[in-house]
Amino acid sequence: MKIAVLPGDGIGPEIVAQAVRVLKALGPNFDLEEAPVGGAAYDVAGHPLPPATLELAKKADAILFGAVGDWKYDTLARELRPEQAILGLRKHLELFANFRPAICYPELTSASSLKPEIIGGLDILIVRELNGDIYFGQPRGIRTSELPLFKGAREGFDTMHYSEPEVERIAHVAFEAARKRGKKVCSVDKANVLETSQLWREVMIRISKEYPDVELSHMYVDNAAMQLVKAPKAFDVVVTGNLFGDILSDEAAMLTGSIGMLPSASLDKNNKGLYEPSHGSAPDIAGKGIANPLATILSAAMMLRYSLGMPAQADRIEKAVQNVLAQGFRTADIYTEGTKKVSTIQMGDAVVAALS
Ligand code: NAD
């Protein structure tokens, strides 16, 4: 099993190092090969996604990714910014399905800003389409307005679109995922206003006929944003487009109060995937040894389950993480009085010990 290890910037190298330790402790002989990405790659190779890194990602069975970005690169041209690496990997590897679980571990219920009875036991999955929508639609740009009221003024414009096959493939991914969970899919759109969403909804209904065991519901995105705060446990799998998914998956992650805990996966049609924590590179705490590595360790578990066909090993990691939380180990971001505050490395030590 070849795994491309791309630590990236900020806390990326610190948290990825712990996930690598956990993978090595599992036993199987993974072939782990590391390469620079993001700002770190720009520094050594002049590009956030150098050809050698892309080649490695292409030939690997799966990719373990840390995070990219740092304020020091903010002045670079857009195509050289660290974040372009992740967009480039998604595009070149055709990673179109993003899985973002939002789980509230019983021991961390108090970390959420929501009441325990609303958030306790939360376990939902946001499936976001990654390759289409307004983020990639053409035409786009800045031009001179022709609108009578604003004629001659500069205006920005983008194009939202989804083709039927794009909606079909993400629908299948969501229904298949729901089959392995609570058997409910909520498709989020804005079909009362957008033509793109009308087509999206039509296709979702058609594909749902192939999954009679899964219940399909629909929700407008504004209502979904409200329901995620009001009654998040009513959801099981949420499937939505790129733009709405970008916002809702961050909202869902934040509900749990501990972004340092949440993994994510971006998959292609053959279940090859890129696995990364839901959070960014946290430059504010980089190098301090206090970052929470659990989201990255749980991303490695997702990698074993979805891309490498090793569900039993994935279970072992997830159980080990629950075990260290039950033992009271906490990094600073999830620390509460009465628990044991540990560093990034000590959290890695605890998970490795709990594996056995
Ligand atoms: P962020 O997720 O990096 O940080 C938000 C807050 O959460 C910070 O206070 C940070 O200290 C904290 N935090 C995040 N991860 C943590 C962890 N594992 N342990 C403890 N605390 C943690 O978001 P941001 O500050 O908006 O962005 C910082 C940089 O990350 C930017 O350059 C941004 O572009 C980049 N970013 C990258 C990705 C990615 O690589 N996929 C995703 C989001 C943001």
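The structure displayed is predicted, hence computed values, not measured ones. Ligands are counted one by one from 1 in listed order, and the atoms in each one are counted from 1 as well.
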Looking at [Y] and [X], is there a salt bridge between them, counting it only when a charged N and a carboxylate O are closer than 4.0 Å?
X: E215; Y: K183; value: no
X: K288; Y: E14; value: no
X: K2; Y: D61; value: no
X: K269; Y: E94; value: no

Original post:
By side-chain hydrogen bond (donor to acceptor under 3.5 Å, both in side chains), which residues pair with R169, not counting sequence neighbours?
Top reply: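 Listed in chain order: nothing, the list is empty.
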
Output yes when a protein non-hydrogen atom is found under 4.0 Å of [atom], and no otherwise.
atom: atom 18 (N) of ligand 1; answer: yes
atom: atom 26 (O) of ligand 1; answer: no
atom: atom 5 (C) of ligand 1; answer: no

**OP:** Search all heavy atoms of Q84 against all heavy atoms of P48 and return the closest pair with its distance.
**Re:**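 Smallest heavy-atom distance, with atoms named: CB-CG, 4.2 Å.
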
Min N/O separation [X] to ligand 1 under 3.5 Å:
X: G280; answer: yes
X: F65; answer: no
X: S278; answer: no

What atoms of ligand 1 come closer than 4.0 angstrom to any heavy atom of [X]?
X: D70; answer: 32 (O)
X: A67; answer: 40 (O)
X: A291; answer: 19 (N)

Original post:
With a 4.0 Å cut-off on heavy atoms, does S281 reach ligand 1?
Top reply: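 So S281 counts as touching ligand 1.
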
Subject >> Under 3.5 Å: donor-acceptor pair, side chain of N271, backbone of S307 >> reply: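 The answer is no, because no donor-acceptor pair under 3.5 Å joins these two groups.
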
Shortest reach to [atom] by a heavy atom, considering only [options]:
atom: atom 16 (C) of ligand 1; options: L87, T331, I11, L294; value: I11
atom: atom 10 (C) of ligand 1; options: V37, I15, D284; value: D284
atom: atom 28 (C) of ligand 1; options: S266, G69, P283; value: P283
atom: atom 22 (C) of ligand 1; options: N292, I285, T296; value: I285

Closest approach of any protein heavy atom to [atom], naming residue and atom:
atom: atom 3 (O) of ligand 1; answer: A282 N, 2.8 Å
atom: atom 31 (C) of ligand 1; answer: E83 OE2, 4.0 Å
atom: atom 35 (C) of ligand 1; answer: V68 O, 3.2 Å
atom: atom 7 (O) of ligand 1; answer: I259 CG2, 4.1 Å
atom: atom 41 (N) of ligand 1; answer: E276 OE1, 3.1 Å

Subject >> Evaluation steps, side chain to side chain donor-acceptor pair (under 3.5 Å), between Q198 and R201 >> reply: CA-CA 5 Å; Q198 282 176 22; R201 191 176 280 215; over 6 Å; no

Original post:
Does R143 make a cation-pi contact with F157, if we ask for NZ or CZ under 6.0 Å from the ring centre and within 45° of the axis?
Top reply: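 Pair R143/F157 counts as cation-pi.
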
When the side chains of residues 104-113 are checked against the rest of the protein, which donor-acceptor pairs come out under 3.5 Å, sequence neighbours left out?
unit_1: T109; atom_1: OG1; unit_2: P106; atom_2: O; d: 2.8
unit_1: S112; atom_1: OG; unit_2: L114; atom_2: N; d: 2.9
unit_1: S112; atom_1: OG; unit_2: L255; atom_2: O; d: 2.6

Original post:
In terms of hydrophobic clusters joined by side-chain contacts under 4.5 Å, are M310 and V351 together?
Top reply: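 In one cluster with M310: V351, yes.
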
Original post:
Hey, does V188 have a side-chain heavy atom less than 4.5 Å from the side chain of H218?
Top reply: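 H218 does not reach V188 side chain to side chain.
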
